[in-house]
Amino acid sequence: QVQLVESGGGLVQPGNSLRLSCAASGLTVSSTGMGWFRQAPGKEREAVAAIKWNGETTYYADSVKGRFTISRDNAKNTLYLQMNSLKPEDTAVYYCAATSRRPLYVSLSTYDNWGQGTQVTVSS
């Protein structure tokens with residue numbers, strides 16, 4: 001049974017950093033396409049970052065490019081999202097997701113498994 005558990009969210013001031021973790025079980029992070037998504041109240045869930053199953057390519061939304069970094073720790077079977085220079089508009093619930101498909105996907109419908117999310121609030 002696949003299970004994804006996010007952690008690391010919290011309240012931070014603009015300009016500060018935060019690292020989200022996604023602990024996975026029932027799948028191997030090093031050979032699975034995975035991504036981070038976020039959803040703010042009243043808005044649609046959107047892709048933030050994604051990594052291809054073999055790690056050869058990554059995707060970043062224009063709004064976070066240069067500030068966020070997606071990575072994985074194979075030994076810990078964990079996916080990470082390093083978030084720097086946080087802005088108030090980054091405030092949302094962040095979700096970790098995994099896809100069984102090999103191409104690098106951004107569409108929500110292509111992801112098979114989802115975590116429960118972790119709240120990130122950026123405010124002064």
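Atoms considered below: every heavy atom in the structure, side chains included; atoms not considered: hydrogens, waters and symmetry mates.
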Is the backbone of T110 close enough, under 3.5 Å, to the side chain of T99 for a donor and an acceptor to pair up by distance?
yes

Whether D62 and K65 form a salt bridge (side-chain N of Lys/Arg under 4.0 Å from carboxylate O of Asp/Glu) is what I want to check.
yes

In Å and rounded to the nearest 0.5 Å, what is the OG to CG distance from S7 to L20?
8.0 Å

Residues T118 and G9: closest non-hydrogen pair is OG1-N, 3.2 Å

What is the distance from atom OG of S25 to atom CG of L4, rounded to the nearest 0.5 Å?
7.5 Å

Using the side chain to side chain contact (heavy atoms under 4.5 Å, CB included) rule, take Y60 and I70 through it: C-alpha gap first, then chi angles, then the decisive distance, then the call.
CA-CA 9 Å; Y60 295 98; I70 188 171; 3.4 Å; yes

If I compare all heavy atoms of Q119 with all of T121, which pair ends up nearest, and what's the gap?
NE2-OG1, 3.3 Å

Do L18 and L79 share a hydrophobic cluster, counting only Ile, Leu, Val, Met, Phe, Trp and Tyr and linking them when any side-chain heavy atoms are less than 4.5 Å apart?
yes

Is T28 reaching over with its side chain to a backbone N or O of S30, donor-acceptor style, under 3.5 angstrom?
no

Would a hydrophobic clustering, with Ile, Leu, Val, Met, Phe, Trp and Tyr connected at side-chain separations under 4.5 Å, put V106 with L104?
yes

OH (Y95) and CD (Q39) are apart, to the nearest 0.5 Å, by 5.5 Å

In this structure, CD1 of I51 is separated from OG1 of T57 (nearest 0.5 Å) by 8.0 Å

Looking only at heavy atoms, which two atoms of M34 and C96 are closest? And how far apart?
CE-SG, 3.7 Å

Give me the atom names and distance for the closest heavy-atom approach of A24 to N77.
O-ND2, 2.9 Å

With ring centroids as reference points, do F68 and W36 lie under 6.0 angstrom apart?
no

Checking V29 against T78 for the side chain to side chain contact (heavy atoms under 4.5 Å, CB included) test, could you report, in this order, the C-alpha distance in whole Å, the side-chain angles of both residues, the deciding distance, and whether it holds?
CA-CA 7 Å; V29 169; T78 299; 5.9 Å; no

Do L27 and L81 belong to the same hydrophobic cluster, where Ile, Leu, Val, Met, Phe, Trp and Tyr are linked whenever their side-chain heavy atoms lie under 4.5 Å apart, directly or via other members?
yes

Kindly say whether S100 contributes a backbone atom to a donor-acceptor pair with the side chain of D112 at under 3.5 angstrom?
yes

Between S124 and Q13 (side chain of the first, backbone of the second, donor and acceptor by atom type, cut-off under 3.5 Å), is there such a pair?
no

Closest non-hydrogen atom pair between A98 and T32, with its separation
CB-CG2, 3.9 Å

I'd like to know whether CD of Q116 has more than 12 heavy-atom contacts from other residues, nucleotides or ligands below 6.0 angstrom.
no

Is there side-chain contact between R38 and E46, with heavy atoms separated by less than 4.5 Å?
yes

Looking at every non-hydrogen atom in both residues, tell me the closest pair between G117 and V93 and how far apart they are.
CA-CG1, 3.9 Å

Could you tell me how the ring of F37 sits relative to the ring of Y111: parallel (under 30°), tilted (30 to 60°) or perpendicular (over 60°)?
perpendicular

CZ of R19 to OG of S17: how many Å apart, nearest 0.5 Å?
11.5 Å

Residue pair M83, D90: steps toward the side chain to side chain contact (heavy atoms under 4.5 Å, CB included) verdict
CA-CA 9 Å; M83 305 185 294; D90 294 319; over 6 Å; no

